[in-house]
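Here's the structure we're looking at; comments come further down.
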Amino acid sequence: MVFLKTDDEIELLRKSNLLVAQTLGEIAKVVRPGVTTGELDRIAEEFIRDNGAVPTFKGFPNPYGSPFPASICTSVNEQVVHGIPGNIVLKDGDIVSVDCGTYLNGFCGDSAYTFCVGEVDEEVRRLLRTTKEALYLGIENAVPGKRLGDIGYAIQQYCESNSYGVVREFVGHGIGKEMHEEPQVPNYGRRGYGMTLKKGLCIAIEPMITLGNRQIVMEDDGWSVRTRDRKCAAHFEHTIAVTNGKADILSSFDFIEDVLGDNAI
Ligand code: MG
Ligand code: MG
């Protein structure tokens with residue numbers, strides 16, 4: 001069942017996503033060599049709760065194991081998504097994908113950004129840039145009359161033409177009162193196929209792109225997903241609403257990029 005949102009509901013989604021954006025901005029201030037992913041998690045949880053919201057990820061059920069134990073996902077280097085924050089110390093040259101979700105006034109926010117830690121190789125920075133560009137190419141296709149396959153095609157075509165891998169096992173999703181609603185939003189697809197997009201459709205678009213092969217494996221913790229070849233992966237995510245014109249991007253990277261300045265990807 002796909003729930004199209006009213007304008008009022010979209011404004012509530014915007015508030016929740018704005019809080020995610022601000023939380024990621026707080027993370028941007030502290031990502032540096034020497035910080036642990038657990039510290040990033042504590043900063044995020046405190047900021048989210050201080051703003052009257054709940055971190056959606058904390059306690060998120062896992063059909064194959066224990067619920068997610070933290071407020072954000074921190075996926076370092078070869079980790080693709082769902083990395084568990086903890087004692088991992090970030091070091092110069094690492095990348096860390098931070099995925100953040102909030103529940104505020106009955107609606108969910110969901111957005112992710114891959115940060116550079118100190119000086120990162122140009123080969124990896126290019127992966128990050130391409131993934132972020134692919135996200136915006138996907139968003140350009142999120143207009144009424146286009147189909148879900150057009151979003152996936154745009155992302156896949158751009159990333160594969162740059163010789164990157166497109167992860168298929170994890171996908172974007174509808175979002176609203178629940179973090180994961182229908183439809184699924186794959187980062188691959190065929191032009192002109194899939195559900196037709198309509199005003200009021202709210203979705204998270206989230207390309208997960210690999211420097212090498214697209215194959216992934218699940219770590220023993222039951223959550224963390226990494227590349228099989230242990231090459232780096234990037235993850236950028238926005239929550240958007242389909243409107244009558246260009247998509248309305250409800251989350252934002254502005255808070256992050258204000259902090260990063262010239263070092264932004
Ligand atoms: Mg997310
Ligand atoms: Mg998501």
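Each ligand, and each atom within it, is numbered from 1 in the order the structure gives. Since the model is a prediction, treat every value here as computed from it, not as a measurement.
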Applying salt bridge (charged side-chain N to carboxylate O under 4.0 Å, His left out) as the test, list every pair that has at least one member in residues 231-247; sequence neighbours left out. none

Sum up the protein N, O or S atoms located under 2.8 Å from the Mg ion (ligand 2). 4

Donor-acceptor pairs are to be reported for all side-chain atoms of residues 166-180 against protein atoms at under 3.5 Å, with residues two or more places apart or in another chain.
unit_1: His173; atom_1: ND1; unit_2: Met179; atom_2: O; d: 2.9
unit_1: His173; atom_1: NE2; unit_2: Asp110; atom_2: OD2; d: 2.9
unit_1: His173; atom_1: NE2; unit_2: Glu206; atom_2: OE2; d: 3.0

Is there side-chain contact between Ile203 and Pro183, with heavy atoms separated by less than 4.5 Å? yes

Quiz question: by atom type and distance under 3.5 Å, do the side chains of Tyr153 and Arg147 form a donor-acceptor pair? no

Donor-acceptor contacts under 3.5 Å from residues 23-31 side chains, at least two apart:
unit_1: Thr23; atom_1: OG1; unit_2: Leu19; atom_2: O; d: 2.7
unit_1: Glu26; atom_1: OE2; unit_2: Lys29; atom_2: NZ; d: 2.9

Minimum side-chain heavy-atom gap His235-Thr131 below 4.5 Å: no

